[in-house]
Number of protein chains: 2
Amino acid sequence: MATTPERLIESMRSLLWERGYVGTSPKAVLRRADVGQGSMYHHFSGKRDLGVAAIRRTADEMRVGTEELFATHGGALERVRAYLLRERDVLRGCPVGRLTQDPEVMADDALRAPVDETFAWLRARIAEVLAEGREGGELRAAMDPEETAAAVVATLQGGYVLARAARSRAPFDQAVAGILGLLKAHGAQD
Amino acid sequence: MATTPERLIESMRSLLWERGYVGTSPKAVLRRADVGQGSMYHHFSGKRDLGVAAIRRTADEMRVGTEELFATHGGALERVRAYLLRERDVLRGCPVGRLTQDPEVMADDALRAPVDETFAWLRARIAEVLAEGREGGELRAAMDPEETAAAVVATLQGGYVLARAARSRAPFDQAVAGILGLLKAHGAQD
DNA sequence: GTCTATAACGGGATAGAC
DNA sequence: GTCTATCCCGTTATAGAC
């Protein structure tokens with residue numbers, strides 16, 4: 001059995017993913033963690049403090065998992081493709097991206113910072129991969145790595161939005177296929 | 001001065017945009033509309049009812065405004081470009097897209113339906129434009145209109161996410177520039 | 001149609017016993 | 001470290017006077 005703070009953080013993480021920060025009450029966290037009121041206020045100063053710990057961990061996990069993915073593959077297009085086609089629980093949405101729609105997360109720098117850093121890192125990392133592909137002649141010289149990286153990340157985040165609206169992962173898969181089609185045609189000599 | 005139901009709907013709309021459905025209380029709506037408790041429960045059966053009216057209107061407005069935009073321009077790429085570059089209050093996010101992150105909107109078909117319909121229509125409309133461009137030889141035969149349309153809409157929705165995370169519209173503009181660059185290179189004979 | 005009063009419940013936190 | 005009790009306030013209504 002995990003420690004009490006551990007259970008609290010994990011419960012908060014899952015609730016943040018499902019309901020966001022404004023939509024999650026301390027009571028709900030306690031119920032899910034099967035922990036008493038007192039324990040929570042012993043280990044954390046309150047909802048915000050626990051929220052910061054939970055968001056930090058979610059952001060860290062995403063970064064580590066994604067870095068692994070970029071480290072293992074070969075060509076630039078192949079690595080971006082692997083990133084886009086990575087298995088995802090599409091209808092649940094992105095646990096980091098969904099926080100950008102939460103008014104209290106956005107209003108509080110301690111809560112927002114991990115979200116900001118995650119996307120900044122992600123865009124930079126993908127831009128790096130794309131730049132390598134351009135230097136290596138795999139992609140056209142006209143391709144702007146930063147802009148293309150932003151488009152790739154945005155397609156994923158927007159794909160989640162479309163899938164949730166439709167209650168179907170189809171639009172997500174279409175969007176990914178769409179950007180991959182455009183990227184492929186952008187190969188140096190096609 | 002607008003009628004009381006009108007003021008209530010408009011207040012609800014702005015609060016849904018800023019704080020989402022779970023984050024918005026009837027009391028907050030009343031304060032913003034400068035309307036009494038009794039009036040609201042006279043004109044609407046409750047929060048949900050008012051929410052449905054507000055979401056419907058926001059969805060309708062978006063559809064009408066976007067249709068105008070597609071009707072006025074010329075070539076397929078030009079029209080998609082105009083759509084992507086349309087003036088937007090980026091940091092506020094998309095008033096329709098943000099609702100996909102609200103657990104109570106997603107759990108209630110009456111609240112979710114307008115959101116679903118808006119994106120379904122939007123994707124279909126853009127796919128139509130792209131298909132015209134393909135028939136007319138403006139775009140490659142290999143381009144899939146539905147997939148590309150999904151990618152275009154997703155880029156915008158994801159662009160909002162990135163911009164909000166960064167508290168800067170820069171990533172949004174980059175993502176739009178990125179997808180436009182890819183689309184341009186996808187012209188039939190470039 | 002609009003007002004105030006009231007209610008039942010939950011949110012978010014503190015207090016102090018154990 | 002964890003528990004229960006308590007507090008104050010906000011949420012989402014309903015009731016009935018005006």
Side-chain angles (χ1 to χ4, degrees), chain A residues 1-56 98-99 101-112, chain B residues 1-56 98-99 101-112:
Chain A
M1 208 54 146
T3 69
T4 295
E6 197 56 31
R7 296 156 60 98
L8 286 165
I9 291 175
E10 289 302 319
S11 299
M12 181 53 121
R13 291 215 309 149
S14 63
L15 280 163
L16 284 176
W17 196 354
E18 290 168 29
R19 304 193 41 89
Y21 187 82
V22 281
T24 296
S25 69
K27 182 174 270 185
V29 176
L30 299 176
R31 255 197 310 268
R32 184 164 295 196
D34 198 22
V35 156
Q37 189 104 342
S39 297
M40 164 171 159
Y41 285 99
H42 174 76
H43 295 287
F44 298 92
S45 70
K47 177 183 174 178
R48 184 188 120 112
D49 190 27
L50 178 51
V52 169
I55 293 175
R56 280 245 142 80
R98 83 108 54 229
L99 298 173
Q101 302 305 324
D102 195 295
E104 298 188 8
V105 170
M106 288 298 100
D108 185 331
D109 279 340
L111 294 168
R112 188 179 56 85
Chain B
M1 206 58 145
T3 69
T4 296
E6 196 56 30
R7 297 157 59 98
L8 286 165
I9 291 175
E10 288 303 317
S11 299
M12 182 54 121
R13 290 214 310 146
S14 64
L15 280 163
L16 284 177
W17 196 354
E18 290 167 29
R19 304 191 41 88
Y21 187 82
V22 281
T24 296
S25 71
K27 180 175 268 183
V29 176
L30 299 176
R31 257 196 310 267
R32 182 163 297 196
D34 196 23
V35 155
Q37 189 105 344
S39 297
M40 163 170 159
Y41 284 100
H42 175 74
H43 295 288
F44 299 93
S45 71
K47 176 182 176 180
R48 184 189 119 113
D49 189 27
L50 178 52
V52 169
I55 293 176
R56 280 246 142 79
R98 82 106 59 227
L99 298 172
Q101 302 305 325
D102 194 294
E104 298 188 7
V105 170
M106 287 299 100
D108 185 329
D109 278 341
L111 294 168
R112 187 179 57 84

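Atoms considered below: every heavy atom in the structure, side chains included; atoms not considered: hydrogens, waters and symmetry mates. Here is how names work: the chains are called A, B, and so on, in the same order as the sequence lines, proteins then strands, and each is numbered from 1.
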Student: Between C:dC3 and B:His42, is there an OP1 or OP2 to side-chain N/O distance shorter than 4.0 Å?
Tutor: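 Indeed not, no polar side-chain atom of B:His42 lies that close.
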Student: Without swapping roles, check the side chain of A:Arg19 against the backbone of A:Thr24 for a donor-acceptor pair under 3.5 Å.
Tutor: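 Between the backbone of A:Thr24 and the side chain of A:Arg19 there is no qualifying donor-acceptor contact (under 3.5 Å).
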Student: Would you give the length of the straight line joining atom CD1 of A:Ile55 to atom CZ of A:Arg112, rounded to the nearest 0.5 angstrom?
Tutor: 11.5 Å
Student: Please state how far atom CG in B:Asp34 lies from atom P in C:dT2, giving the value in whole angstrom units.
Tutor: 12 Å
Student: I need the A:Leu30 CG to A:Ser39 OG distance, nearest 0.5 Å.
Tutor: 8.5 Å
Student: Distance check: side-chain N/O of A:Ser39 vs OP1/OP2 of D:dC3, anything under 4.0 Å?
Tutor: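 Answer yes for this pair, as a side-chain N or O of A:Ser39 is under 4.0 Å from OP1 or OP2.
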Student: Roughly how far apart are B:Arg56 CZ and B:Leu111 CG, rounded to 0.5 Å?
Tutor: 9.5 Å
Student: Output the rounded distance in Å from CG (A:Leu30) to C1' (C:dG10).
Tutor: 13 Å
Student: Quick one, give me the B/S/- string for nucleotides 4-18 of chain D, reading 5' to 3', where B means a protein heavy atom under 4.0 Å from the base and S means that only happens at the primed atoms, P, OP1 or OP2.
Tutor: B------BSBB----
Student: Nearest-Å distance, CZ (A:Phe44) to C1' (C:dG12)?
Tutor: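 About 16 Å, once rounded to whole Å.
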Student: Under the side chain to side chain donor-acceptor pair (under 3.5 Å) definition, can you give me all pairs with a residue in residues 43-54 of chain B, not counting sequence neighbours?
Tutor: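 Output for this query lists B:Arg48-B:Asp108.
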Student: Between CZ of B:Arg13 and CZ of B:Arg32, what distance do you get to the nearest 0.5 Å?
Tutor: 12.5 Å
